[in-house]
Number of protein chains: 2
Amino acid sequence: MKNNIKVERAIKGITQEELATKISVSRQTINAMEANKYVPSTLLALKIAREFGKPVEAIFFLEDSD
Amino acid sequence: MKNNIKVERAIKGITQEELATKISVSRQTINAMEANKYVPSTLLALKIAREFGKPVEAIFFLEDSD
DNA sequence: ACTTTAAGTAAAGTTTACTTTACATTTGTG
DNA sequence: CACAAATGTAAAGTAAACTTTACTTAAAGT
C-alpha cells in the first residue's frame, strides 16, 4: 500500500506536526506513515482524508503486492 | 467508527467466510469487524471497499467519539 | 427431527500500530 | 554564517489488530 500524504500535506502547506495534532497522533506516526513504515488504521485514513477534503482512495492506494 | 459490512455483504449475498477468503483474512476477523470489536487496517478497508464496489467512506464512518 | 451451513464468541498467542523520548540532519530565514 | 523550524530516524515500551483453535448457537434445508 502506498500513500500521498506528503504531497497532500505540501498542497495544504501544513507541517507533519500540524497534521499530527489535527488527527490526534504523534508527529512520528505521520512521519512513519509518509515513509511507508506501516499500514495505518482505517480511523486515521478517514481522518486524514477528511482533513485533505478528498476520498480515502485518493490518498491511499492498493498495490499489486497487497 | 462504524461500518456497513454486514449490510453490504447481505446485498452481495456472500458469507463471512467468502468475504474473508477474498480479502485474505480469517473469518473471525470479519465477524469481529462487523461486531465493531476493533478498527481494521486501511489495507482491509480498501480491499473491502473494492470488493463491494464502493468508496471506503460508504462503508466506514467516523463518529463524534472518534 | 436431523443434518449441514453460517454466524457468534472466547482465550491464547503473534505481529504490528502507535507513543514517548531523544538525538541527528536538513531546510529555510535573518 | 548562524539560528530556528521541520524532518528523519531509532530504540523501548504499550496497545491493539489479527490468527488459530475450538466450542456454541442459529438458521435453513431434507
Side-chain angles (χ1 to χ4, degrees):
Chain A
M1 209 192 64
K2 279 178 37 188
N3 74 75
N4 251 354
I5 297 172
K6 193 166 189 169
V7 173
E8 293 293 336
R9 195 167 54 72
I11 291 172
K12 252 212 152 187
I14 63 175
T15 67
Q16 291 182 345
E17 180 116 44
E18 285 166 340
L19 178 57
T21 300
K22 290 205 179 216
I23 68 173
S24 305
V25 294
S26 70
R27 178 182 66 83
Q28 283 76 356
T29 294
I30 300 297
N31 190 285
M33 284 178 46
E34 291 186 359
N36 285 305
K37 293 266 178 68
Y38 59 74
V39 176
S41 72
T42 299
L43 193 58
L44 296 193
L46 287 172
K47 286 183 174 182
I48 290 171
R50 186 178 58 180
E51 187 58 33
F52 291 143
K54 301 199 174 171
V56 170
E57 281 89 345
I59 299 169
F60 296 90
F61 310 94
L62 287 174
E63 295 176 292
D64 294 342
S65 53
D66 293 326
Chain B
M1 207 191 67
K2 278 177 38 186
N3 73 75
N4 250 354
I5 298 172
K6 192 165 188 170
V7 173
E8 293 294 335
R9 194 167 55 72
I11 292 172
K12 252 212 151 189
I14 63 175
T15 68
Q16 291 181 345
E17 180 116 45
E18 285 166 340
L19 178 57
T21 301
K22 289 204 180 218
I23 68 174
S24 305
V25 293
S26 70
R27 179 182 65 84
Q28 283 76 354
T29 294
I30 300 296
N31 191 286
M33 285 179 45
E34 291 187 359
N36 285 304
K37 293 267 179 65
Y38 59 73
V39 176
S41 72
T42 299
L43 193 58
L44 296 193
L46 287 172
K47 285 184 175 184
I48 289 172
R50 185 178 60 180
E51 187 59 32
F52 290 142
K54 301 197 174 171
V56 171
E57 281 88 345
I59 298 169
F60 297 90
F61 310 93
L62 286 174
E63 294 176 292
D64 294 342
S65 54
D66 292 326

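Atoms considered below: every heavy atom in the structure, side chains included; atoms not considered: hydrogens, waters and symmetry mates. Protein chains get the first letters and strands the later ones, always in sequence-line order, with residue 1 at the start of each.
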Rounded to the Å, how far apart are [X] [atom1] and [N] [atom2]?
X	N	atom1	atom2	result
B/Q16	C/dT5	CD	C1'	12 Å
B/E34	D/dC18	CD	P	14 Å
B/I48	D/dA17	CD1	P	14 Å
A/I14	D/dA6	CD1	P	12 Å
A/L19	D/dT7	CG	P	10 Å
B/K6	D/dA26	NZ	C1'	11 Å
B/E18	C/dT5	CD	C1'	11 Å
A/I5	D/dT7	CD1	P	13 Å

Do the side chain of A/E57 and the main chain of B/V56 share a donor and acceptor less than 3.5 angstrom apart?
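Checking the backbone N and O of B/V56 against the side chain of A/E57, a donor-acceptor pair under 3.5 Å is found.
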With no hydrogens and no angle check, is any side-chain donor or acceptor of B/T42 less than 3.5 Å from a backbone partner on A/S41?
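Indeed, once roles are kept as given, a pair shorter than 3.5 Å links the two residues.
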Going 5' to 3' through nucleotides 12-30 of chain C and flagging B where a protein heavy-atom sits under 4.0 Å of the base, S where only the sugar-phosphate is that close, and - otherwise, we get -----SSBBBB--------
Residues B/K12, B/E18: salt bridge by 4.0 Å N-O rule
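Salt bridge: no.
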Verify same cluster id: B/L46, A/Y38 (apolar side-chain graph, 4.5 Å):
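In one cluster with B/L46: A/Y38, yes.
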Between A/N31 and D/dT7, is there a contact of a side-chain N or O with OP1 or OP2 at under 4.0 Å?
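Result: no.
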Would you tell me if any nitrogen or oxygen in the side chain of B/R9 comes within less than 4.0 Å of OP1 or OP2 on C/dA6?
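Negative; the distance criterion is not met.
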How far apart are the closest heavy atoms of A/D66 and A/F61, and which atoms are they?
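So the two residues come closest at OD2-O, 4.2 Å.
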Do A/L19 and A/I5 pass the side-chain contact (heavy atoms from CB on, under 4.5 Å) test, and can you show the C-alpha distance, the side-chain angles, and the key distance before you say yes or no?
CA-CA 10 Å; A/L19 178 57; A/I5 297 172; 3.8 Å; yes
